[in-house]
Amino acid sequence: MHYSDGACWRPLFEQAGAMLQVTRGCSHNQCKFCTMFKGIMFSLSPEDEVRADVAELAVLPRGGFDRAFLTGDNAFCPPMRRLRETIEDIRATMPGVCTIGCFARIEDVARKSDDELRELSRFGASDDISIGAESGIDEALSFMRKGHTAADIVEQCERLDKADITYDLFYLAGIVGAGRYEENVQATVRVFGKTNPERIMIHMLTLFPGAPLQEDVESGAFVPSSETDVLRELRLLVELPRNETYLLGAHIGNAAPFNAFIPQQRKRVLEYLDAKIADADEAQLVYFRSHQRFM
């Protein structure tokens with residue numbers, strides 16, 4: 001298998017599927033908080049490598065995969081011809097695969113025509129694509145160089161809905177910095193409330209060595225939220241949504257991990273987070289945050 005750069009990343013719920021690399025690095029690679037692909041030139045995986053990997057997956061002892069996950073930081077970005085050929089190869093070689101997921105950027109969706117999205121839907125791909133929406137505040141999205149706006153999130157998710165492609169949205173707690181978590185949650189809940197994600201996946205902002213954001217912190221241009229305020233942000237994120245929502249917050253970098261169906265399990269999670277906040281030791285939480293190395 002051709003897995004570049006030492007690791008291939010996928011959401012927690014994608015652990016059981018076949019993992020096929022189709023891109024290397026990130027086509028955007030400008031987000032200030034991310035170091036995952038810094039210094040790596042984005043490229044499409046060579047077509048012969050992809051075909052060889054599909055053939056290898058088809059004969060692995062686990063075999064019989066019913067789902068595939070296309071790896072690369074935004075594997076939804078290749079031209080339609082490449083995606084079509086890869087999906088056709090998967091279908092021909094692993095007929096048990098019913099659905100295909102990947103990471104995607106909002107701009108990757110925007111670059112696909114409505115007809116192309118419908119074609120991907122007919123192929124069963126991509127299903128449950130994972131999108132780094134992060135926030136509903138344009139100022140934060142612009143500062144972090146995400147490359148999309150809150151309105152773009154709504155517009156492109158509506159196009160996915162019409163094409164019958166399901167998707168998940170990432171929420172990045174702490175993205176607006178100190179003292180503004182309530183504003184971020186309220187704005188993001190409004191934006192996400194206009195979309196129909198299968199899941200909202202929660203990450204906590206971590207200042208990784210070498211991230212462009214580190215310079216902003218050192219200059220005072222960005223003041224991070226306290227760890228305790230990030231816990232309060234999570235609590236508000238659980239409290240506010242009125243739409244039925246599945247919150248997936250069990251990432252290794254989350255200081256208070258949880259998964260929950262909202263509103264069904266809201267009370268239980270609020271009690272759990274209240275206890276976490278009441279017992280919060282800021283020094284211990286800072287130590288935990290400073291030792292994260294997952295991105």
Side-chain angles (χ1 to χ4, degrees), residues 26 28-38 73 105-107 131-154 169-193 195 200-241 247-249 251-258 273-274 276-278 280-295:
C26 174
H28 181 68
N29 208 14
Q30 296 181 43
C31 298
K32 286 189 175 184
F33 52 81
C34 181
T35 60
M36 190 179 295
F37 296 109
K38 297 305 177 190
D73 200 52
R105 290 179 45 77
I106 289 292
E107 66 181 358
I131 301 173
E134 319 297 10
S135 173
I137 295 183
D138 285 340
E139 177 190 348
L141 295 170
S142 176
F143 181 82
M144 293 296 182
R145 298 176 185 162
K146 280 299 300 179
H148 65 253
T149 66
D152 293 334
I153 296 170
V154 175
L169 300 178
F170 280 100
Y171 176 94
L172 186 57
I175 191 173
V176 296
R180 299 181 60 189
Y181 73 86
E182 293 182 5
E183 177 188 358
N184 187 45
V185 176
Q186 291 165 356
T188 307
V189 166
R190 284 195 299 271
V191 171
F192 285 12
T195 68
I200 295 175
M201 298 181 287
I202 303 165
H203 282 190
M204 292 182 174
L205 181 69
T206 301
L207 185 63
F208 295 105
L213 186 60
Q214 189 173 39
E215 294 182 8
D216 291 315
V217 172
E218 292 171 354
S219 70
F222 182 81
V223 180
S225 294
S226 70
E227 291 293 320
T228 308
D229 268 358
V230 174
L231 294 179
R232 295 187 180 103
E233 181 172 353
L234 295 187
R235 190 196 188 285
L236 192 59
L237 183 63
V238 172
E239 183 179 14
L240 287 185
L247 298 178
L248 180 57
H251 193 277
I252 190 174
N254 290 359
F258 67 90
L273 291 172
D274 283 339
K276 286 285 188 180
I277 293 167
D281 182 320
E282 185 68 19
Q284 287 185 357
L285 291 171
V286 168
Y287 179 86
F288 169 82
R289 180 69 44 217
S290 66
H291 285 72
Q292 295 304 303
R293 294 291 182 270
F294 56 83
M295 186 180 294

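Nearest heavy-atom pair across C34 and P212 is O-CD, 4.3 Å. Closest heavy-atom contact between L205 and M144: CD2-CE, 4.5 Å. K276 and L231 make their closest contact through O-CD1, 4.1 Å (heavy atoms, listed as atom of the first residue, atom of the second, distance). Shown here for Q214 and F208, the closest heavy-atom pair between the two residues is OE1-O, 4.4 Å. The shortest heavy-atom contact between A133 and L141 is O-CD2, 3.4 Å. Residues P224 and V217 share a closest heavy-atom pair of CG-CG2, 4.0 Å.
The distance from atom CG of L172 to atom CD of E233, rounded to the nearest 0.5 Å, is 8.5 Å. Interatomic distance, CG of L207 versus CZ of F33, reported as 12.0 Å (0.5 Å rounding). Within the model, atoms CG of L285 and CE of M204 stand 8.5 Å from one another, a figure rounded to the nearest 0.5 Å.
Side-chain contact check for I277 versus R235: some heavy-atom pair is nearer than 4.5 Å. Looking only at side-chain heavy atoms (C-beta outward), L248 and I200 stay at 4.5 Å or farther from each other.
With S225 contributing its side chain and G177 its backbone, the two residues share a donor-acceptor pair below 3.5 Å. D152 contributes a side-chain N or O that, together with a main-chain N or O of T149, makes up a donor-acceptor pair within less than 3.5 Å. The backbone N or O of I137 lies less than 3.5 Å from a partner atom in the side chain of S135, making a donor-acceptor pair.
By the 30° and 60° cut-offs, the orientation of the rings of F192 relative to Y171 is perpendicular.
Under the rule for a side chain to side chain contact (heavy atoms under 4.5 Å, CB included), the partners of V191 that lie at least two apart in sequence or sit in another chain are A150, I153, V154. With sequence neighbours excluded, no residue forms a side chain to side chain contact (heavy atoms under 4.5 Å, CB included) with S142. Not counting sequence neighbours, E182 has no partner by the side-chain hydrogen bond (donor to acceptor under 3.5 Å, both in side chains) test. The ring-ring contact (aromatic ring centres under 6.0 Å, His included) search around F288 returns none, not counting sequence neighbours. With sequence neighbours excluded, the residues forming a salt bridge (Lys or Arg N to Asp or Glu O under 4.0 Å) with E134 are K146, listed by chain and number. Residues satisfying the side chain to side chain contact (heavy atoms under 4.5 Å, CB included) test with Q284, not counting sequence neighbours, are D281. Partners of F258 according to the ring-ring contact (aromatic ring centres under 6.0 Å, His included) rule, which considers only residues two or more places apart in sequence or in another chain, do not exist here. In terms of the side chain to side chain contact (heavy atoms under 4.5 Å, CB included) criterion, residue partners of D73 (sequence neighbours excluded) are, by chain and number, C26, M36, F37. In this view, H148 satisfies the side-chain hydrogen bond (donor to acceptor under 3.5 Å, both in side chains) rule with no residue, not counting sequence neighbours. By the side-chain hydrogen bond (donor to acceptor under 3.5 Å, both in side chains) test, T228 pairs with E282, sequence neighbours left out. The side-chain hydrogen bond (donor to acceptor under 3.5 Å, both in side chains) search around N29 returns none, not counting sequence neighbours.
Note on residues 205-231: pairs passing salt bridge (Lys or Arg N to Asp or Glu O under 4.0 Å), not counting sequence neighbours, are K32-D216, E227-R289, D229-R232.
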Task: Evaluation steps, side chain to side chain contact (heavy atoms under 4.5 Å, CB included), between F222 and L213 - done: CA-CA 8 Å; F222 182 81; L213 186 60; 3.9 Å; yes
Open item on the list: Pair I202, H251 - check side chain to side chain contact (heavy atoms under 4.5 Å, CB included), show working.
Closed with: CA-CA 7 Å; I202 303 165; H251 193 277; over 6 Å; no
